[in-house]
J.: 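First, the structure itself, so that you have it in front of you.
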Amino acid sequence: MNKRIGNIFKGDRVIWMVFFFLCMISIVEVFSASSGLTYKSQNYIGPIVYHAGTIIVGVVVAIVTLNIPCRYFKLMTPFLMLVSLITLLWVLLAGTKVGDAGRWINLFGFTFQPSEIAKGTVVLIVAQILAAMQRENGADRNAFKWIMWITLPACFLIGLENLSTSAMLFAVVFLMMFIGLVPLRQLGKLAGTVILLVVFTLSMVMIMGHDTTEVNQELTKVEKTEQPKKKNAIEKMFHRADTWKSRIMKFGKPKPTPQEYDLDKDAQVAHANIAIVSSGVIGKGPGKSTERDFLSQAFSDFIYAIIIEELGIIGAFAVVFLYIVLLYRCARIASRCENNFPAFLAMGLGLLLVIQATFNMMVAVGLAPVTGQPLPLISKGGTSTIINCAYIGAILSVSKSAKMKKEENIK
């Protein structure tokens, strides 16, 4: 029996354990944080059954992916590039909108975000370029050029609807190039260019966007009653500038005192803060959150605040520890790979998951403006959860099928 189970759950055992604990935390906390959904639907078991089913499908996807030898991932690159390009253009032209963001595609009853597929595709391509262009003293100078030809268009298309995901993907690629020994001079020039682009983008957001916080709230109401004007190309490109500007303005303002907090205008941040400060060391206990009933997206963007409220500081550090272990094991696997491609792939996917988790947790505790990034493998999700499970499967595939260095060569 144990042998049969071992044949199914192959690959790095530590990553399997981290994956298992994250999934268990997800089921418990999403069940607790979905009180708003259960109240609206009057179906108290439906949301968690759906989420648990999604995780089960994700585990199956991870098992299937880990049984694909990592060298065959290269064969999937042209197909994934084509799918990513078509779906990213599709979502810009006819994406399903939730709020003011059109990040989703509805296909045959299934809704998914093309950016989730595009992220993994870019990491896969960058890993191949870095591996193919490694020299004795580091990556060939031309590797930087080819990586930029792939990364910049992808980040641009993603960033039009999801700026935080675009920034996160670019950060992952930058770190992959640093690990892949791309010349520091090229990385320095890129960092300088990025800083200029960030300043330009923020300037355009502040110019094109309207602050929808209390200062300009009345003006915004008047503008909404007017006939919509036709937008030019620049206005269409920055159609989410209002949202971005509001988030920047809110984050940049001095933090109000508890007495000054407006629970209507700053509901998400306020209730997240209440959840955190009321947690204590050991928390209120699983399923005993009170802020889940008031916190919008408690089961997704702000689930870390609910984890802290229910599991306390100990639970918060436990979740952080799991992601740190995941990144460490990816680095360990990469260091043992004899070939470059699987090493860069494992590190890239590990960075993708952990940096997104860092973004989410920083937002929940008030260290970053609201971005809408879910907590990987914990937040409630559909295809995003399944795709993250596929990333875990790919890392496990590297640990299982990649040719490893002999132990004496590692020391």
Side-chain angles (χ1 to χ4, degrees), residues 14-39 44-45 47-48 51-52 54-55 251 255-261 263 266-329 350 353-381 385 388 392:
V14 176
I15 289 182
W16 267 117
M17 291 301 296
V18 170
F19 183 41
F20 172 78
F21 281 121
L22 289 174
C23 289
M24 290 300 101
I25 292 171
S26 176
I27 291 173
V28 172
E29 293 304 320
V30 168
F31 183 47
S32 175
S34 298
S35 59
L37 295 178
T38 58
Y39 178 78
Y44 294 94
I45 200 68
I48 192 58
H51 181 63
T54 302
I55 288 180
F251 183 73
K255 302 299 180 185
T257 63
Q259 293 80 8
E260 296 172 335
Y261 239 113
L263 292 181
D266 299 303
Q268 280 187 314
V269 175
H271 287 294
N273 289 341
I274 293 171
I276 292 169
V277 299
S278 63
S279 63
V281 176
I282 60 174
K284 298 176 179 178
K288 295 182 179 179
S289 167
T290 54
E291 294 308 310
R292 64 188 177 185
D293 298 326
F294 308 100
L295 182 55
S296 174
Q297 299 298 315
F299 51 82
S300 180
D301 300 352
F302 282 88
I303 196 168
Y304 190 61
I306 303 301
I307 291 173
I308 297 174
E309 183 184 11
E310 295 191 348
L311 304 181
I313 302 301
I314 294 175
F317 278 110
V319 171
V320 172
F321 177 73
L322 288 173
Y323 285 112
I324 292 173
V325 172
L326 175 61
L327 186 60
Y328 169 77
R329 292 306 299 180
L353 292 168
V354 174
I355 289 177
Q356 182 175 329
T358 303
F359 265 121
N360 176 278
M361 292 185 286
M362 288 177 66
V363 169
V365 299
L367 294 178
V370 178
T371 61
Q373 290 294 331
L375 191 57
L377 303 171
I378 291 182
S379 291
K380 183 179 183 297
T385 298
N388 285 332
I392 291 291

J.: Do Asn388 and Leu353 have side chains that approach each other closer than 4.5 Å (heavy atoms only, starting at C-beta)?
T.: yes
J.: Carefully, step by step, assess Leu326 and Ile392 under the rule side chain to side chain contact (heavy atoms under 4.5 Å, CB included).
T.: CA-CA 10 Å; Leu326 175 61; Ile392 291 291; 4.1 Å; yes
J.: Does atom CD1 (Ile27) have a neighbourhood of more than 12 heavy atoms from anything else shown, all under 6.0 Å?
T.: yes
J.: Where do His51 and Ser26 come nearest, in terms of heavy atoms and distance?
T.: NE2-OG, 2.6 Å
J.: Tell me the salt bridge (Lys or Arg N to Asp or Glu O under 4.0 Å) pairs involving residues 319-329, sequence neighbours left out?
T.: Asp12-Arg329
J.: Identify, with sequence neighbours excluded, every residue that meets side-chain contact (heavy atoms from CB on, under 4.5 Å) alongside Met17.
T.: Phe21
J.: Under the 3.5 angstrom rule, does the side chain of Thr358 hit a backbone N or O of Val354 as a donor-acceptor pair?
T.: yes
J.: Minimum heavy-atom separation for Ile307 and Ile25, please, with both atom names.
T.: CD1-CG2, 4.1 Å
J.: What is the minimum heavy-atom distance between Val30 and Ile378, and which atoms define it?
T.: CG2-O, 3.4 Å
J.: Could you check whether any side-chain N or O of Asn360 sits under 3.5 Å from a backbone N or O of Tyr304, counting only pairs where one atom can act as donor and the other as acceptor?
T.: no
J.: Go through the structure and list residues passing side chain to side chain donor-acceptor pair (under 3.5 Å) with Ser279, not counting sequence neighbours.
T.: none
J.: Using every non-hydrogen atom in the two residues, find where Ser379 and Ile303 come nearest and quote the distance to one decimal.
T.: OG-CG2, 3.5 Å
J.: Suppose we screen for side chain to side chain donor-acceptor pair (under 3.5 Å). Which residues come up paired with Ser32, at least two apart in sequence or across chains?
T.: Arg292, Glu310
J.: Which donor-acceptor pairs under 3.5 Å do the side chains of residues 313-324 make with protein atoms, sequence neighbours left out?
T.:
{"unit_1": "Tyr323", "atom_1": "OH", "unit_2": "Pro376", "atom_2": "O", "d": "2.5"}

J.: Once salt bridge (charged side-chain N to carboxylate O under 4.0 Å, His left out) is applied, do any residues pair with Glu309, and if so which ones, sequence neighbours excluded?
T.: Lys284
